[in-house]
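To start, the structure under review is shown below, and the notes come after it.
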Amino acid sequence: MSTTANKEERSLNFLEEIIEADLASGKYKTIMTRFPPEPNGYLHMGHATSICLNFGLTKKYGGSTNLRFDDTNPVTEDTEYVESIKNDIKWLGFEWANELYASDYFEQLYNMAVTLIKKGLAYVDDSSSEAIAEQKGTPTQAGRRNEYAERSIEENLQLFADMRAGKYKDGEKVLRAKVDMASPNMLMRDPLLYRIKHAHHHRTGDTWCIYPMYDFAHGQSDSIEKITHSICTLEFVPHRELYDWLIKKLEIYPSHQYEFARRNLTYTVMSKRKLLQLVNEKHVAGWDDPRMPTISGMRRRGYTPESIREFCDRIGIAKRDNVVDISLLEFFVREDLNKRAQRRMVVFDPVKVVITNYADPDGEELLTSENNPEDPNGGTREVPFSNEIYIEREDFMENPPKKYFRLAPGQMVRLKSAYIIKCEEVIKDENGTVTELRCTYIPESKSGSDTSGIQVKGTLHWVSVKHAITAEIREYDRLFKVEDPSSEEGDFKEYINPDSLKVIRAAYAEPALKNAHYDERFQFVRKGYFVLDKDSSTSGMVFNKTVGLKDGWKAGK
Ligand code: ATP
Ligand code: MG
């Protein structure tokens with residue numbers, strides 16, 4: 001993988017190779033994929049990979065992609081999650097052909113189960129889950145069938161109908177496929193197809209008290225929708241044998257399952273179950289906390305859909321599990337934001353500069369500054385200048401080392417888009433803290449029409465004191481202290497970084513930021529990329545730091 005390679009140069013990934021072969025041989029005229037989230041949490045960056053892959057393939061080769069909610073587990077699912085998932089996919093820039101729900105297939109799935117029973121390929125088992133587990137054997141030792149496997153087809157049909165009718169309590173009976181108790185693949189040892197669960201379902205309400213297991217819903221739903229390439233993650237490799245067995249025995253549309261490696265990122269966790277714990281235990285401010293690896297969190301943080309798509313596309317897919325450095329994702333975010341972010345000046349920790357020779361002490365003028373030097377159509381804005389400005393406290397040093405190009409006594413710097421100033425006097429309070437810097441400015445040194453002939457090496461950002469607006473700034477660090485919290489000893493939450501959020505209550509911003517909009521992206525000059533946060537109200541603006549300016553990621557690292 002090389003981030004400098006052109007898109008055109010990227011070789012086909014293994015799924016693209018399969019699809020191109022399938023289309024060339026005429027196996028399929030058009031392809032059909034699906035994205036099948038379980039609505040039990042908000043989508044994260046791993047899902048983004050799967051979305052970009054599934055939707056990306058049909059975008060590239062024609063065909064369509066369904067959004068199918070895999071809602072066969074009534075207990076953990078919720079409509080809030082359904083809505084957030086739809087919102088996130090749209091935001092990423094994809095459109096599904098059909099919005100579907102596995103629960104819409106419950107009747108068809110029930111009938112398929114009846115078909116299997118009629119073929120003598122499924123039976124109702126009254127054993128406890130412990131007994132079933134025990135009879136399954138071990139990977140090196142065959143399992144054994146119990147007496148329930150001998151039930152007649154008629155008896156099984158009746159019992160299964162009674163299960164549906166609600167005659168039994170949770171766990172009293174299950175429906176199992178009759179496959180092979182000696183199979184080296186444990187999943188083939190008479191796997192469970194249905195379980196009893198008297199629970200309210202977010203879509204089907206109380207219509208059902210039996211629910212299909214993942215293995216008896218997923219492949220069958222693929223078949224119903226005539227999915228040609230059913231793409232899932234590596235942990236489903238052992239399930240493929242059962243997937244194929246069920247399709248063959250039911251004589252339904254032959255969808256095919258293909259597996260790729262889960263996408264993991266450093267310094268975070270990528271599992272809805274773990275992310276839910278962070279939310280419930282209030283380690284973060286919600287699913288869309290800007291530190292979360294969720295799509296909604298990244299959106300709030302200021303990541304663009306373009307940069308996420310580019311990341312997924314350029315990094316490709318793997319057949320082996322791997323952890324990708326989060327700074328690589330940040331690299332793509334920064335690359336994209338550099339092109340689209342409007343430049344603004346914001347001083348985080350101010351020290352006042354008084355320009356003593358500014359013509360009229362009450363005077364002020366409007367200077368012109370480019371919105372984005374990377375964008376020829378970015379336009380300009382007016383920045384008010386006056387005899388009192390703020391600069392960053394860290395941009396002044398009373399006793400600087402050699403080659404210090406910022407402000408120091410007797411030294412000159414340029415104020416961005418404004419003038420060259422020279423520090424003449426340092427005012428301090430009784431504790432020795434600098435409270436004011438008295439400077440003179442060079443009137444002929446105005447940016448754009450500089451005739452002063454003076455060369456300075458440092459350029460500082462600044463804001464005019466009387467024009468500045470204040471804003472809260474939230475800066476984020478890694479959510480975890482270690483690269484892979486899930487693989488560390490003990491609970492993953494022990495590795496949470498306690499300093500992942502830094503708040504600056506009142507930074508001073510140039511007035512143009514007053515009109516900032518949520519979908520605008522900004523570069524605060526010399527500070528990084530920022531976006532307006534939803535916590536902003538008329539009483540106060542809040543900005544999230546998306547990512548810093550520096551490229552932390554080095555090729556080959
Ligand atoms: P989680 O453990 O976070 O709940 P999941 O795989 O159970 O993840 P689903 O809602 O079942 O989540 O997943 C929907 C789709 O997204 C599946 O096809 C799944 O394989 C894919 N997916 C989920 N996590 C990742 C990941 N980290 N990398 C790539 N694809 C993923
Ligand atoms: Mg899942």
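Both ligands and their constituent atoms are indexed starting at 1 by order of listing.
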Report task. Would you mind listing which atoms of ligand 1 come within a distance below 4.0 Å of any non-hydrogen atom of P37? Result ->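 What qualifies from ligand 1 is 10 (O), 14 (C).
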Which of the listed options, [options], holds the heavy atom that is closest to [atom]?
atom                    : options                : answer
atom 18 (O) of ligand 1 : P36, C312, A261        : P36
atom 24 (N) of ligand 1 : K274, R262, R263       : R262
atom 21 (C) of ligand 1 : C52, S50, A48          : S50
atom 20 (O) of ligand 1 : N264, L265, D321, T233 : T233

Query raised in the report: So is R273 polar-close to ligand 1, meaning N/O to N/O under 3.5 Å?
Result: no
Requested in this report: May I ask you to check if ligand 1 and H47 share an N or O to N or O distance below 3.5 Å?
Outcome: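 There is such a contact, yes.
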Query raised in the report: With a distance cut-off below 6.0 Å to the six-membered ring centre and an angular limit of 45° from the axis, does K197 pair with Y211 as a cation-pi contact?
Result: no
Query raised in the report: Using a heavy-atom cut-off of under 4.0 Å, does the side chain or the backbone of F260 touch ligand 1, or both, or neither?
Result: side chain
Report summary line: Going by the 4.0 angstrom heavy-atom rule, the piece of H44 near ligand 1 is side chain
Report task. Mind running side chain to side chain contact (heavy atoms under 4.5 Å, CB included) on I117 and L175 for me, showing each step along the way? Result -> CA-CA 9 Å; I117 295 173; L175 183 74; 3.8 Å; yes
Query raised in the report: Mind checking whether Y110 and F160 have parallel, tilted or perpendicular rings, split at 30° and 60°?
Result: parallel
**Report entry** Geometric class of the F69/Y101 ring pair [parallel <30°, tilted 30-60°, perpendicular >60°]
**Finding:** parallel
Report task. Determine, step by step, whether H218 and F236 satisfy the ring-ring contact (aromatic ring centres under 6.0 Å, His included) criterion, reporting the C-alpha distance in whole Å, the side-chain angles of both residues, the deciding distance to 0.1 Å, and the verdict. Result -> CA-CA 11 Å; H218 204 88; F236 290 99; 7.1 Å; no
Query - Neighbour count >12 (heavy atoms, 6.0 Å) for atom NZ, K502 - result: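 Result for NZ/K502: open.
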Report task. Going by the side chain to side chain donor-acceptor pair (under 3.5 Å) test, name the single residue among R34, E225, K226 that passes it with N66. Result -> E225
